[in-house]
Every structure is written in structure tokens, then in C-alpha cells.
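All values below were derived from every heavy atom in this structure, side-chain atoms included, with hydrogens, water molecules and symmetry-related copies excluded.
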Amino acid sequence: MRKRRAGAVVNIASTAAFFPGPYFATYAASKAFVLSFSQALFVENRSHGVLVMAVCPGATATNFFEVAKMHTFAQRVRMQTPEQVVSEAMRALRNRRPVVVTGCRIRYWLFRVDLFRV
């Protein structure tokens, strides 16, 4: 991609990347890594014509919550569709954004709530 001076890498992180994840610490930490790694690669590659972006979806209607045995959470939360995540991610990619948080409701919550309040 660098040689062609064109291309994009899209990494899937999660909104879990933005806060510590009690009871799913490894998942949250791995998503924090993906976010940080993607941001660093964005800076390293932007002058070479290569875009690197991290997508941080909120709750999405997939089998994730069933596999994670989080049925109760899944029933209480309004979820976005995978198609909505892809649509927002592709718009952000066209706008050359390094990070996109998908889902209007989760964006509001992430940036308005004190995540570390005990």
C-alpha cells in the first residue's frame, strides 16, 4: 500500500476500548490495544497515502451477547445493525477519520458520562 501510495486498513475495536472492563477485562484491554495501535499506525502512514482507521462500535445485533452469556444486557439495550456500523465506518473512511464510534446513543454516553466515577 505504501508503495502504491494508496489503501486503507480498517481495524475493529469497540467502545469497550474507552473504559476498564470489569468482568471482561481481557476483552476491553485488547480493544484498547487495537484503538491505540490503529491511532499510531494512522500517524505513521498518513504521509504515505495509507489510511488506518479504528472502528469502535457500540452494542451491535450479532451473536456476541449470546456467546458472552450477556442475554439480560442484550434485552435491555437498543442495538445498531451490522449494516449501520459498516455504513458509518465507510463514511468515516471517506472522510479520512482515524477513529469512528458508531451508534449515536453510545457516542453521547461515552463523551457525557464520567466513566471513572465510583
Full working for side chain to side chain contact (heavy atoms under 4.5 Å, CB included) between N45 and R2: CA-CA 8 Å; N45 287 283; R2 276 184 164 197; 2.8 Å; yes
Any C56 side-chain heavy atom under 4.5 Å of V99 side chain: yes
Do side-chain atoms of T60 reach the backbone of G58 as a donor and acceptor pair under 3.5 angstrom? yes
Keeping the roles fixed (side chain from K31, backbone from I12), state whether a donor-acceptor pair exists under 3.5 Å. yes
Correct closest heavy-atom pair for S38 and A54 would be CB-CB, 3.6 Å
What's the separation between atom CE in M53 and atom CE in M90, rounded to the nearest 0.5 Å? 7.5 Å
Would you find a donor on one side and an acceptor on the other, under 3.5 Å apart, between the side chain of R46 and the backbone of R96? no
Donor-acceptor contact present, side-chain S36 to main-chain A32, <3.5 Å: no
Smallest separation among heavy atoms of P57 and T102, with atom names: CA-OG1, 3.1 Å
Where does the angle between the aromatic ring planes of Y27 and F24 fall among parallel (under 30°), tilted (30 to 60°) and perpendicular (over 60°)? tilted
For T81 and Q84, indicate whether the former's side chain and the latter's backbone hold a donor-acceptor pair under 3.5 Å. yes
Please walk me through it: do V52 and F37 pass side chain to side chain contact (heavy atoms under 4.5 Å, CB included)? CA-CA 10 Å; V52 179; F37 182 64; over 6 Å; no
Kindly say whether E83 contributes a backbone atom to a donor-acceptor pair with the side chain of S87 at under 3.5 angstrom? no
Of all heavy-atom pairs linking A28 and F19, the shortest is CB-O, 3.9 Å
Under a 3.5 Å distance rule, please check whether E88 uses its side chain to pair with a backbone N or O of V85 as donor and acceptor. no
Decide yes or no for V10 and V55: does some side-chain heavy atom of the first lie under 4.5 Å from some side-chain heavy atom of the second? yes
Could you tell me the separation between the CZ atom of R91 and the CZ atom of R97, rounded to the nearest 0.5 Å? 9.0 Å
Hydrophobic cluster identity match, Y23 and F18, side-chain contacts under 4.5 Å: no
Here the gap from L35 atom CG to N11 atom CG, rounded to the nearest 0.5 Å, amounts to 10.0 Å
Nearest 0.5 angstrom please: T62 OG1 to Q80 CD, how far? 10.0 Å
